[in-house]
Protein chains: 2
Amino acid sequence: MSKGTVGGGGTTMLRRINVAAVLDAVRRSAPAPLRVAELVERTGLARPTVAQAVDELLDAGWLQQHGPDSADRSLGRPAIRVSLRGRAAPVLGLDVGPHRVTVGVSDLAGRKLSLVRRSGPGWTAQELLGVIGEVINEALSEAEVPAEDIAAVVAASPGIVDEHTGRVQLVPSVPGWSAIDLIKHVRGLLDCPVMLDNDANLAALAIAAARGGTGTLLAVQWGERLGAGIVIDGRLHRGTGAAGEIGFIATDTDDVINPEDSRGPLERAVGSEAIAALGRQAALDNPQSRLAELGGEQLDTADVFAAAAERDPVAQAVVQQVARTFARALAPSVLVLDPTAVVIGGGVARAGAVLLDAISDQLRLLTLNHPKLELSALAEDAVVTGAMRMALDEVWQRKLPTPAMTSTT
Amino acid sequence: MSKGTVGGGGTTMLRRINVAAVLDAVRRSAPAPLRVAELVERTGLARPTVAQAVDELLDAGWLQQHGPDSADRSLGRPAIRVSLRGRAAPVLGLDVGPHRVTVGVSDLAGRKLSLVRRSGPGWTAQELLGVIGEVINEALSEAEVPAEDIAAVVAASPGIVDEHTGRVQLVPSVPGWSAIDLIKHVRGLLDCPVMLDNDANLAALAIAAARGGTGTLLAVQWGERLGAGIVIDGRLHRGTGAAGEIGFIATDTDDVINPEDSRGPLERAVGSEAIAALGRQAALDNPQSRLAELGGEQLDTADVFAAAAERDPVAQAVVQQVARTFARALAPSVLVLDPTAVVIGGGVARAGAVLLDAISDQLRLLTLNHPKLELSALAEDAVVTGAMRMALDEVWQRKLPTPAMTSTT
DNA sequence: GTATTTACGAACGCTCGCTATCTATACTGT
DNA sequence: ACAGTATAGATAGCGAGCGTTCGTAAATAC
């Protein structure tokens, strides 16, 4: 069973290919319904072939039939239109953090059917499993999807995830927490494939999908921790399994990778915790600054960026330092990967243009091709969205037998 | 004509698919000839289908028939065996440097038919075109392949290459030299697709193929200049077009990217020129060292590594410094890419274990997953080999309609 | 109310691959 | 030396699928 053999087969396989071609054409234009004539044009197949495939897909529940469009007042007999029946195989995305559980349900076309968040002040591992179950049920009932319809689940986990076993290294967030228990638990609730992946990877997938899917994307998740996901032409790059761990990049002053400490040098230098600490120090050194006014004793990361946005020179110096450290750490990877865009998400992304411009200025000096530098538009929902996206990809890959075909005319 | 449509079609396409499946099966086992029964087993097709496909491929010249194997003394009627007829579509690879032109001809199965090198003490652009023509003809006649049989050509060029237009930026090597002229010239000699790519990319492709094709490879070309190619699961990663330009990574003491200077900070710091300079300085500072003895006035890069291999502490210090600078520059990319292996080729690779071990020690401190660190086994032929490889990929991609197919059983 | 336009539906012919059968060839054992 | 056997190649019939062509249904325009 050497994988990767070029498939061959009889006419039944041909039928499967053509049905898949029709389904794929419908998917591409989702959510707009299509007339059969349009499908004929797009697939290059004959009308009877398409009609037969459509019948079959209608029976199987993958497509749904629409009445004639009342807005489309054209001549002749009105065409029957079909569109993807999203409910045929809805998927579920799961984002579990120590203080927040988010569950999203999406239909086949990628429409969000429901999105339920629940926050709490630190659960134990056991409680967390219970909460997850509740939130899943809530999301399902809000989406009006029975549990047994769910076709795939993807869960997000911090740390480094082994793609196949689902084993996780470096997870500090919840004591006693195990992703394997999570998978088992979810498998008990929903009878379908359950996969697990790194949260930064999933966020990257969501952002890449939102940007159109082509090119190389480096999606940075910047909060207390620092990670990145790499998406190349719509596909996640995993490397050996730990790709994108930018938090462990050495800085000019710190290059210690300690197995005891789950955080790396760059995280220690520019994580949200570190930014707040730099801000506090700067406020102490300059008590009359706007920064000190804004923050007081409990000075926060947000305060630093707020003061910098108000052109406080003390805060701006802090931002400048953070941006410089970050840009110098990231520049080598930008040179090597040469991405189309670098997108920054996570808590620190709320800093906005102040930080982005500072990074952009530094990065411009250190790279050849300057990638677009953007903030993530998806904000905190990026991870769940990416989880749903990956679950969708899984479902589609199972359903469509041929991924692509090079024209040989 | 939106690209990427899932292909569908009639029975003639089915036939094409099955013929391609048979051809692919033969290719996979090349150069070993296969019996029809084996093809039946490997493709999963019925015997008449395979037989018909084999007939067709024999007529078209893609396969050649072998007599029964005299060594295989089994019962029953001896089977006729078929194998890839490499001469069906030979390809040509071209590596053009300022002082050396290398041309290789390969058959479809990847066997080298000929490899011709010619060195000269600096040609003008006009002379170079002439020399290229001569060397191509020499390689063709040595391989006994008529020029009109060549199915694809790939030429290697230093600098950053635009994949489609063939335009090149940053080429300092030969004054008045233009890769566009090269392509025109070759198109005039050989009537087939001519492509151009970065030499580091092509070397990476060759090394990846030699290693088996899966996983992520970072292949460094380390000579006077410094570049790298990235191959992910057998496919080249180009980014926007300038991926792998590690020569421009900033060092601790130098981060200037000057459009005037075609070399980047890391090249200036650890390029072979810089290593020699460091060695000369060290020799001056320590006149009684083995390094000073070996090198004298005209101390070379090779002398530094030779002295270090003989455990000269002065030379070892130089190597240590080079390794440290290199490892610190490369570590971020290793963290982000998380490659299966890092392979070092080019002139400096001749340094051998002395340098490799030093780099390995440094890299181990700065990364999470430690990739295999190796020297390129292909030495100076890596670029031509990669050029032939890419030309082969091009030919196969044109011939095989379906690249892969996910089994849906 | 008729003509026109557009789309759906059914019948026919073609190609292709699979199953089953028959023939060809060389080795083995008595 | 001859019959037996095992393996491979060649051929005929069957079924499945696609494409082409024709007829029919349903809406709009005059």
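The chains referred to below are lettered A, B, ... by the order of the sequence lines, with proteins before strands, and numbering in each begins at 1. Just so it is clear, the model here is predicted, and its values are computed rather than measured.
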- Query: Roughly how far, to the nearest 0.5 Å, is the CG atom of B:L108 from the OG atom of B:S83?
  - Reply: 11.0 Å

- Query: Tell me: CG of A:L45 to C1' of D:dC18, nearest whole Å?
  - Reply: 9 Å

- Closest non-hydrogen atom pair, A:G386 against A:L205: O-CD2, 4.2 Å

- Task: Return the value, rounded to whole Å, for the distance between atom CZ of A:R16 and atom P of C:dG17.
- Result: 17 Å

- Query: Got a second to check how far B:I232's CD1 is from B:T214's OG1, nearest 0.5 Å?
  - Reply: 12.5 Å

- Taking atom NZ of A:K399 and atom CG of A:L23, what is their separation to the nearest 0.5 Å? 9.5 Å

- Task: Let me know the distance between CE of A:M13 and P of C:dC18, rounded to the nearest Å.
- Result: 10 Å

- Query: Between B:G93 and B:M388, what is the shortest heavy-atom contact and its length?
  - Reply: N-CG, 3.7 Å

- Locate the shortest heavy-atom distance separating A:V395 from A:A151; write the atom from each residue and the value. CG2-CB, 3.8 Å

- Integer-rounded Å distance: D:dG9 C1' and B:R81 CZ: 16 Å

- Item | Geometric cation-pi criterion, B:R27 with B:W396: 6.0 Å, 45° | yes

- Whole Å only: how far is the CD atom of B:E38 from the C1' atom of D:dG9? 16 Å

- Query: Between D:dA8 atom C1' and B:E41 atom CD, what is the distance in whole Å?
  - Reply: 15 Å

- Where the side chain of A:V36 is concerned, which of D:dG19, C:dC8, D:dG9 is the nearest nucleotide? C:dC8

- Task: Before accepting this row, confirm whether a basic side-chain N of the pair B:R187/B:D191 lies closer than 4.0 Å to the acidic partner's carboxylate O.
- Result: no

Using atom names, set out every protein N or O paired with an N or O of nucleotides 5-7 of chain D below 3.5 Å, distance rounded to 0.1 Å.
unit_1	atom_1	unit_2	atom_2	d
D:dT7	O2	B:R77	N	3.2

- Message: With a 4.0 Å limit, can you tell me whether B:R47 has a side-chain N or O closer than that to the phosphate oxygens OP1/OP2 of D:dG9?
- Response: yes

Could you run down the sub-3.5 Å N/O contacts of the protein with nucleotides 10-16 of chain C?
unit_1	atom_1	unit_2	atom_2	d
C:dC16	OP1	B:R15	NE	3.3

- Non-hydrogen atoms of B:A155 and B:L202 that approach each other most closely: O-CD1, 4.0 Å

